[in-house]
Amino acid sequence: MNAAMEAEVLKRGSSPALMNHKDSFSSVGLSMREMIPVLKARGAKLDAISLLLTKIPPGLLGILFNKVIFAKRQLGTTLRGIQQ
């Protein structure tokens with residue numbers, strides 16, 4: 001997951017650009033799907049979250065991340081809570 005996110009950050013240019021682009025998280029899902037066979041071939045053990053996120057369709061994954069997990073209202077509240 002981290003490698004897929006970092007690849008997308010590099011593609012978009014910055015973390016804020018990743019958060020503001022609606023197709024970013026669906027691209028993360030596609031990147032994760034492409035990485036799974038390589039990881040399995042190298043003998044890596046995949047965690048449950050990685051397996052789950054590769055089973056969710058990329059379009060739905062993008063909506064899930066943009067509207068629920070990284071929703072702007074929720075993210076701002078979380079960041080304010082961390083700063084205090």
Not counting sequence neighbours, list each pair that qualifies as a salt bridge (charged side-chain N to carboxylate O under 4.0 Å, His left out) and has a residue in residues 3-13.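 Listed by first then second residue: E8-K11, E8-R12.
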Working to the nearest 0.5 Å, report the span between CG of L39 and CE of M32.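 If we round to the nearest 0.5 Å, L39:CG and M32:CE are 9.5 Å apart.
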Is it the case that one hydrophobic cluster holds both M35 and L30, taking links as side-chain heavy atoms less than 4.5 Å apart, direct or via other members? no
Show me the pairs that pass side chain to side chain donor-acceptor pair (under 3.5 Å) and involve residues 33-44, at least two apart or across chains.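 Side chain to side chain donor-acceptor pair (under 3.5 Å) check on residues 33-44 returns no pairs.
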